[in-house]
Amino acid sequence: MTLLRDEGLTAEELAVWRMLQRAQVRITRRLESELLVAHDLPLASYEVLMQLAEAAGRRLRMNDLADRVLLSRSGLTRLIDRLQRDGLVTREACPDDARGLFAVLTDAGADRLAEATPTYLRGIRTQFLDMLGNGEMGQIRAMLDRLDGSGVGIGTGAAASAAGGGAP
């Protein structure tokens with residue numbers, strides 16, 4: 001196909017890229033479905049609650065939280081609106097920045113997260129980790145660290161560690 005040659009991609013390279021995309025979407029959709037069925041909690045909401053639970057004081061500035069959960073600031077604002085209506089988070093003013101806001105995990109949010117976490121971790125195990133053979137975890141981690149580009153590593157935090165993806 002001339003398009004592939006023109007862009008410098010082989011058919012195999014494009015196929016691998018598409019396989020990576022499909023695998024990520026399939027796993028994410030299954031996790032989302034399991035969380036919705038068992039806990040009426042969308043995956044994006046779970047991720048926000050998890051990030052807040054792992055943060056010092058169970059709070060993060062909205063900008064930092066948006067970066068961590070890979071949402072636009074407006075997308076995060078709408079999600080926090082819903083979580084706040086459900087009593088799972090609150091917003092608090094930032095004392096050193098009049099324009100800044102913190103998202104803060106409530107006790108109800110921590111309880112909901114605790115209920116949903118076994119479902120989330122089980123989904124990661126069955127949809128991803130159980131598919132890996134001996135030695136593949138390290139290979140995938142090394143590849144994802146290169147793709148991340150930050151030098152920090154993708155698999156950090158308590159939930160990643162619980163799922164087997166934390167720092168060695």
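Values below: every heavy atom of this structure, side chains too, minus hydrogens, waters and symmetry copies.
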Report yes or no: do Val89 and Val104 belong to one cluster of Ile/Leu/Val/Met/Phe/Trp/Tyr joined by side chain heavy-atom distances under 4.5 Å? no

Using side-chain heavy atoms (C-beta onward) and a distance below 4.5 Å, is Ile80 in contact with Arg85? no

List in chain and number order the residues that pass side chain to side chain contact (heavy atoms under 4.5 Å, CB included) with Thr119, two or more places apart in sequence or in another chain; answer none if no residue qualifies. Glu34, Leu35, Ala38, His39, Arg122

Close side-chain approach of Tyr46 and Thr117, heavy atoms under 4.5 Å: yes

Check the pair Asp148 / Leu144 against side chain to side chain contact (heavy atoms under 4.5 Å, CB included), numbers first and verdict last. CA-CA 6 Å; Asp148 180 42; Leu144 292 174; over 6 Å; no

Any chance you could lay out the side chain to side chain contact (heavy atoms under 4.5 Å, CB included) test for Leu49 and Leu41, step after step, and finish with the verdict? CA-CA 10 Å; Leu49 298 178; Leu41 190 66; 4.2 Å; yes

Check whether any side-chain heavy atom of Leu71 sits under 4.5 Å from a side-chain heavy atom of Arg78, and report yes or no. no

With a 4.5 Å heavy-atom cut-off, do Glu92 and Leu101 have their side chains touching? no

Run the side chain to side chain contact (heavy atoms under 4.5 Å, CB included) check on Phe128 and Ile140 step by step: do they pass? CA-CA 11 Å; Phe128 177 63; Ile140 290 173; 4.3 Å; yes

Apart from Val25 itself, which Ile, Leu, Val, Met, Phe, Trp or Tyr residues share its cluster (side-chain heavy atoms under 4.5 Å, direct or through members)? none

Verify whether one side chain among Tyr120 and Glu47 offers a donor that lies under 3.5 Å from an acceptor in the other. yes

One should read off an interatomic distance between Thr77 OG1 and Met62 CE, to the nearest 0.5 angstrom, of 4.0 Å

Side-chain donor or acceptor of Glu136 paired with backbone N/O of Gly133 under 3.5 Å: yes

On a heavy-atom basis, which atom in Ala108 and which in Gly87 lie closest, and how many Å separate them? CB-O, 3.6 Å

Please determine whether residues Phe102 and Met50 belong to a single hydrophobic cluster, defined as Ile, Leu, Val, Met, Phe, Trp and Tyr linked transitively by side-chain heavy-atom distances below 4.5 Å. no

Could Asp107 and Arg58 be called an ion pair, given the rule that one side-chain N must be under 4.0 Å from one carboxylate O? yes

Between the CG atom in Asp40 and the CG atom in Asp86, the distance rounded to the nearest 0.5 Å is 8.0 Å

Are Trp17 and Gln21 packed together at the side-chain level, in the sense that at least one heavy-atom pair is separated by less than 4.5 angstrom? yes

What is the distance from atom OG1 of Thr106 to atom CG of Leu113, rounded to the nearest 0.5 Å? 10.5 Å

To the nearest 0.5 angstrom, please state how far the CD atom of Glu12 sits from the CE atom of Met19. 9.5 Å

Trace of the side chain to side chain donor-acceptor pair (under 3.5 Å) decision for Thr28 with Gln24: CA-CA 6 Å; Thr28 300; Gln24 189 273 333; 3.0 Å; yes

If you draw a 6.0 Å radius around CZ in Arg73, do more than 12 non-hydrogen atoms from other residues or ligands fall strictly inside? yes

From CG (Asp81) to CZ (Arg91), nearest 0.5 Å: 4.5 Å

Ionic contact status for Arg61 with Asp67, cut-off 4.0 Å: no

Transitive ILVMFWY side-chain link Ile124 to Met143, under 4.5 Å: yes

Is it true that atom CG of Asp96 has more than 12 heavy atoms of other residues, nucleotides or ligands lying nearer than 6.0 Å? yes

Should Arg68 and Leu52 be marked as a side chain to side chain contact (heavy atoms under 4.5 Å, CB included) after you check the CA-CA gap, both sets of side-chain angles, and the distance that decides it? CA-CA 10 Å; Arg68 289 183 186 202; Leu52 292 174; over 6 Å; no

Are Ser45 and Arg82 close enough that some pair of their side-chain heavy atoms sits under 4.5 Å apart? no

Check whether any side-chain heavy atom of Val48 lies under 4.5 Å from a side-chain heavy atom of Leu76, and answer yes or no. yes

Kindly compute the distance separating CG (Leu132) from CZ (Arg125), expressed to the nearest 0.5 Å. 9.0 Å

Could you report the tightest heavy-atom contact between Gly8 and Glu13, atom names first, then the distance? O-OE1, 3.7 Å

For Ala103 versus Leu65, what's the shortest heavy-atom pair and its separation? CB-CD2, 3.8 Å

Is any side-chain heavy atom of Leu129 less than 4.5 Å from a side-chain heavy atom of Met137? yes

Spell out, yes or no, whether Leu60 and Leu83 are grouped together once hydrophobic residues are joined by side-chain heavy atoms under 4.5 Å, including indirect joins. yes

